[in-house]
There are 2 protein chains.
Amino acid sequence: MAGMTGIESERDYIQSIERGFAVLLAFDAERPNPSLAELATATGLSRPAVRRILLTLQKLGYVQGEGPRWRLTPRVLSIGQHYSGSNAMIELAQPHLLTLAEQTQESASLAALDGAEVVYVARVPVRRIMSINVSIGTRVPAHATSMGRVLLAWAPPEVVEQVVAESGLRAFTPRTITDPERFRAALRGVREQGWSIVAEELEEGLLSAAAPVRDSTGAVVAALASSTSSGRSDPERLAREVVPLLLRTADRISADLGHRASTPPRSVVLEGRDGFF
Amino acid sequence: MAGMTGIESERDYIQSIERGFAVLLAFDAERPNPSLAELATATGLSRPAVRRILLTLQKLGYVQGEGPRWRLTPRVLSIGQHYSGSNAMIELAQPHLLTLAEQTQESASLAALDGAEVVYVARVPVRRIMSINVSIGTRVPAHATSMGRVLLAWAPPEVVEQVVAESGLRAFTPRTITDPERFRAALRGVREQGWSIVAEELEEGLLSAAAPVRDSTGAVVAALASSTSSGRSDPERLAREVVPLLLRTADRISADLGHRASTPPRSVVLEGRDGFF
């Protein structure tokens, strides 16, 4: 890993920065208002070290002490805002996500790969699937989701193998594909058909379909997804009714990113099916 | 300021952490793919210092080098996710925001105060005001928005004075209240009536209404807002049609946070007006 990061010597690595993030990320749903002692336990750092980090983060405006307890401030959200602001795709995609959510009456999401996980980078929620409570920045395992399958289908083999190794293709339901050979075959299938549907491999009752978004170089940079529940749809219906909308929307986002469709142009194939809807 | 932060000595402040965030936040819409030299200029740090920070942030997975250019990775979004995850209000508020957006057919937002600015902490976008492109983490000046007025109306006087001083009550349009005495009077008006409407003080054509969200201690912890444009509504119509929905929704979020309405219970007053909608 050291070779991949470009770190050439210990001198190039600033441990305080790592520790600063470790303390910041130790605040979560299980530990929303930790004490200094709880943060020391959670991070494995000494109390004096955690204290100095908290005082620094407080001066920077990211945490606030309230008596013996600490909490994150909304300034923490600004950090993610810099990602969204520096990523033209997210702004470009927003109106397309709204259109897709309106057409399908299901939540529409855009996600990117980060290690063995997929991160939601944009999302338009639709009321009726509020049970699936995901917001921007939420991470889900790549191997068990349609978004992850799409992102991995066009990824270099070494990235796929790293995800297989890191995730161990862990089973979340009896349907999760856990065999590496079957998993690689599933990715080949996604690449051939140009989209992915994954049904109940992450959670019982959860279905989703995803399609690739490409940038001007043709690289798959994100997955566009629509998710629903087994009570409202099934894989066949998703493929018939949602996938064409998904592909068309993904092509439009790709076009906005400067991608020119290669032959055979998928959008033209879809144009012919338009009357279907 | 040093007294407020709890920093007792230089020893307690870890400069590398400040510098790590400075480099991370130097990536933005104007500088999405900076070079090392551009980051050095933007942060005022030396190139060797920026290089070490970038290599550290890369090892932590927050930035990635691509040739001579650098970019943020979606992992940056996880940091904000920890704020949302550690803040029960945001999850609780989500279904209420969706209901409000459906009822009003306008975007619904929840915002918190951070210094002289207001930060969007949750938001349900509605197609037709996509022109106002704000996402979670977006910051707007508190003094010129209905959300800021609500958050300041119930804030301690010293917080109000700090916002007045920091913002200089800068004018964004000819309508912005820039006189401190008029501004304080406007806040008193908001406290008396229980909600705020601000029309075209931040941007021509932009109107919004906001109401306070309270926690179990009765403290105002967020502002719930609905925004529209002067082409679709006006302050009188907002007050008549949107404010009652806004107050009812804010009361419901407050109730979910454990707040018990004091006398006179605003929700009862509203119940009587229900037939209006």
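This is a predicted model, so every value here is computed, not measured. Protein chains get the first letters and strands the later ones, always in sequence-line order, with residue 1 at the start of each.
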### Summary
Within residues 24-37 of chain A, the residues sitting under 4.5 Å from chain B by heavy atom, in sequence order, are A:Leu24, A:Leu25, A:Phe27, A:Asp28, A:Ala29, A:Pro32
### Query
Are A:Phe21 and B:Phe21 close enough that their ring centres sit under 6.0 Å apart?
yes
### Task
For chain B, find which of A:Gly80, A:Gly85, A:Ser86 contributes the most heavy-atom pairs closer than 4.5 angstrom.
A:Ser86
### Contact check, side chains of A:Thr138 and B:Gln81, non-hydrogen atoms, under 4.5 Å
yes
### Message
Less than 4.5 Å to any heavy atom of chain B: does that hold for the side chain of A:Val121, its backbone, both, or neither?
### Response
both
### Task
Any chance you could measure A:His82, atom NE2, to B:Leu77, atom CG, to the nearest 0.5 Å?
12.5 Å
### Task
Check whether more than 12 heavy atoms from other residues, nucleotides or ligands sit under 6.0 Å from atom CZ of B:Arg47, and answer yes or no.
no
#### Entry: Contact class of A:Ile53 relative to chain B, heavy atoms under 4.5 angstrom
both
### Heavy-atom contact with chain A under 4.5 Å, split by part of B:Arg139
side chain
#### Entry: Gap separating the OH atom of B:Tyr13 from the OG1 atom of A:Thr56, nearest 0.5 angstrom
6.0 Å
## Note on the structure
Per side-chain contact (heavy atoms from CB on, under 4.5 Å), B:Pro74 is matched among A:Ile136, A:Ile90, A:Val119 by A:Val119
### Query
Distance from B:Ser78 atom OG to A:Ile79 atom CD1, nearest 0.5 Å?
11.0 Å
### Message
Quick one, B:Ile17 and A:Leu60 - any side-chain contact, counting heavy atoms below 4.5 Å?
### Response
yes
